[in-house]
Amino acid sequence: MSYGNDEDEVYTSNFEIGSYSETGVDGDGPSSNGSGGIRKPKILLMGLRRSGKSSIQKVVFHKMSPNETLFLESTNKIVKDNICNSTFVQFEIWDFPGQYEFYDSTFDGDLCFGDCGAIIFVIDAQDDYTDALSKLCSTVRKAYKVNPDIKFEVFIHKVDGLSDDHKIETQRDIHQRANDDLLDMGYQGVHLSFYLTSIYDHSIFEAFSKVVQKLISELPTLENLLNIFISNSGIEKAFLFDILSKLYVATDSSPVDMQSYELCCDMIDVAFDISTIYGWKSEDKGPFDNESQCVIHLNNSTVLYLREVSRCLALVCILREDNFEKQGLIDYNFVCLREGIHNVFDLKMTGGLTNGCLI
Ligand SMILES: Nc1nc2c(ncn2[C@@H]2O[C@H](COP(=O)(O)OP(=O)(O)OP(=O)(O)O)[C@@H](O)[C@H]2O)c(=O)[nH]1
């Protein structure tokens, strides 16, 4: 298995588009764009210089440690990254240079925004964000004209340096000012979603998970399957994880508590590391096979239970220790859940959305 991050192909177009890299275990190469000719949704990372765009991409999809991002060089052309981890986590990320300008004659709005699923606009919360807000509004205006279906996601980033009160105040202020500016420009129908993020904790993974979920059309079906599974198995919370990125592609409808999410991420790290260091090595297999499972009994009478769903997806559940006594029932229900999820995969595949990538 490899995490490719070689930037090996230069795309030519009017606007300077930079290198291309492939991430995941089963992509089929930049030339076919990883989807057999059908374009995957694009996620654009935009924002001012040094706001943290490349760091987010490297930490979430290339397992770079947050401290290493201190040495990242400034991006001077659009860098495309083809993410092809599993059926549900497939898209292109375009990392924009901070100094991009829309009035530049080489900027091609149709090319950038045409088949774009979401724009993540990154604002450095540790800096004065007045310029960032005006750039956000001009970005929304330009993109909305080309493609009104784009989801606008605002990451209020680097909040690790702020106190809890300051975080809430900053979010309120940015939310208010951005929406006022859009109203003044006559864009009252545009919805912006806001997230407080940092690469130094799990908040960036949680926020990115929510963005990715918006691009998964099968999400309500997956949530429904998880709801049925947990209510019949005595489970408190269940996440369907993309193992490579630790993004959760779906969860049941009970609220997500950050601590539970962090515990599940840590469990994936442990299982993944042990499996990749000491497990069978095979080119065409992910880190887990269909026998893979992991149980951790915590010191608060809670159990973390991981089961492989497909080679890059895992189910991680949190449940009370006494409910785990009925493991046979949980396992039986899990097999039914896995079958249901595989049926959703099959439908997606026959729908032609995921040509070229296996589950
Ligand atoms: N404290 C803190 N620093 C961060 C965070 N994310 C990124 N940084 C730092 O911010 C600096 C700029 O990060 P980059 O990822 O290069 O920013 P960029 O937006 O890609 O910059 P350009 O390529 O110039 O547009 C680096 O020193 C990162 O270590 C964060 O969550 N918290």
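Counting from 1, the numbers follow the sequence of the chain as shown. Read the numbers this way: they start at 1 and go in the same order the structure lists the ligands and their atoms.
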Check: L304 and I318 side chains under 4.5 Å, non-hydrogen atoms: yes
Side-chain donor-acceptor contact under 3.5 Å, S163 with D165: no
Side chain N333, main chain N232, donor-acceptor under 3.5 Å: yes
For Q126, atoms of ligand 1 separated by under 4.0 Å from a heavy atom: 1 (N)
Protein heavy-atom partner closest to atom 23 (O) of ligand 1 - residue, atom, separation in Å: T75 N, 2.6 Å
Option nearest atom 24 (O) of ligand 1 (shortest heavy-atom distance, choices P66, P97, S74): S74
Top protein contact for atom 31 (O) of ligand 1, by heavy-atom distance: I199 N, 2.9 Å
S54 N/O under 3.5 Å from ligand 1 N/O: yes
Nearest neighbour of atom 16 (O) of ligand 1 from the list E68, M64, R50, on a heavy-atom basis: R50
Atom pair CD (Q126) and OG1 (T170), whose distance is rounded to the nearest 0.5 Å: 10.0 Å
Short side-chain to backbone donor-acceptor contact, S203 and D201, under 3.5 Å: no
K237 and S254: side chain donor to acceptor below 3.5 Å: yes
Enumerated ligand 1 atoms positioned under 4.0 Å from heavy atoms of L70: 27 (O), 29 (O)
R49 neighbourhood, listing ligand 1 atoms whose heavy-atom distance to it stays under 4.0 Å: 24 (O), 25 (O)
For ligand 1, the portion of T69 having any non-hydrogen atom under 4.0 Å away: both
4.0 Å heavy-atom contact, S51 with ligand 1: yes
L72 N/O under 3.5 Å from ligand 1 N/O: no
Check: G234 main-chain N/O paired with R320 side-chain donor or acceptor under 3.5 Å: no
Distance-only polar pair, side chains of K214 and S193, donor-acceptor under 3.5 Å: yes
Under 4.0 Å to a heavy atom of S198 - the qualifying atoms of ligand 1, by number: 31 (O)
Passing option when Y195 is tested against F152, F121, F155 for ring pair (Phe, Tyr, Trp, His ring centres under 6.0 Å): F155
Per-atom contacts, ligand 1 versus G98 - under 4.0 Å to a heavy atom: 25 (O)
Atom 17 (O) of ligand 1 [closest protein heavy-atom partner, distance rounded to 0.1 Å]: G52 N, 3.1 Å
For atom 13 (O) of ligand 1, the protein heavy atom that lies nearest, with its residue and separation: S55 OG, 3.2 Å
Candidate pair F61 and F208, rule ring pair (Phe, Tyr, Trp, His ring centres under 6.0 Å), full reasoning: CA-CA 10 Å; F61 295 103; F208 224 112; 5.2 Å; yes
Proximity winner for atom 19 (O) of ligand 1, if only heavy atoms of K58, Q57, M46, K53 are counted: K53
Protein residue, atom and distance nearest to atom 10 (O) of ligand 1, heavy-atom basis: K158 NZ, 3.0 Å
Parallel, tilted or perpendicular: ring planes of Y144 versus Y187, cut at 30 and 60 degrees: perpendicular
Heavy atom of the protein closest to atom 6 (N) of ligand 1 (residue, atom name, distance): H157 NE2, 2.9 Å
Shortest protein heavy-atom distance from atom 32 (N) of ligand 1, along with the residue and atom involved: D160 OD1, 2.7 Å
Donor-acceptor pair, side chain of K42 and main chain of W94, under 3.5 angstrom: no
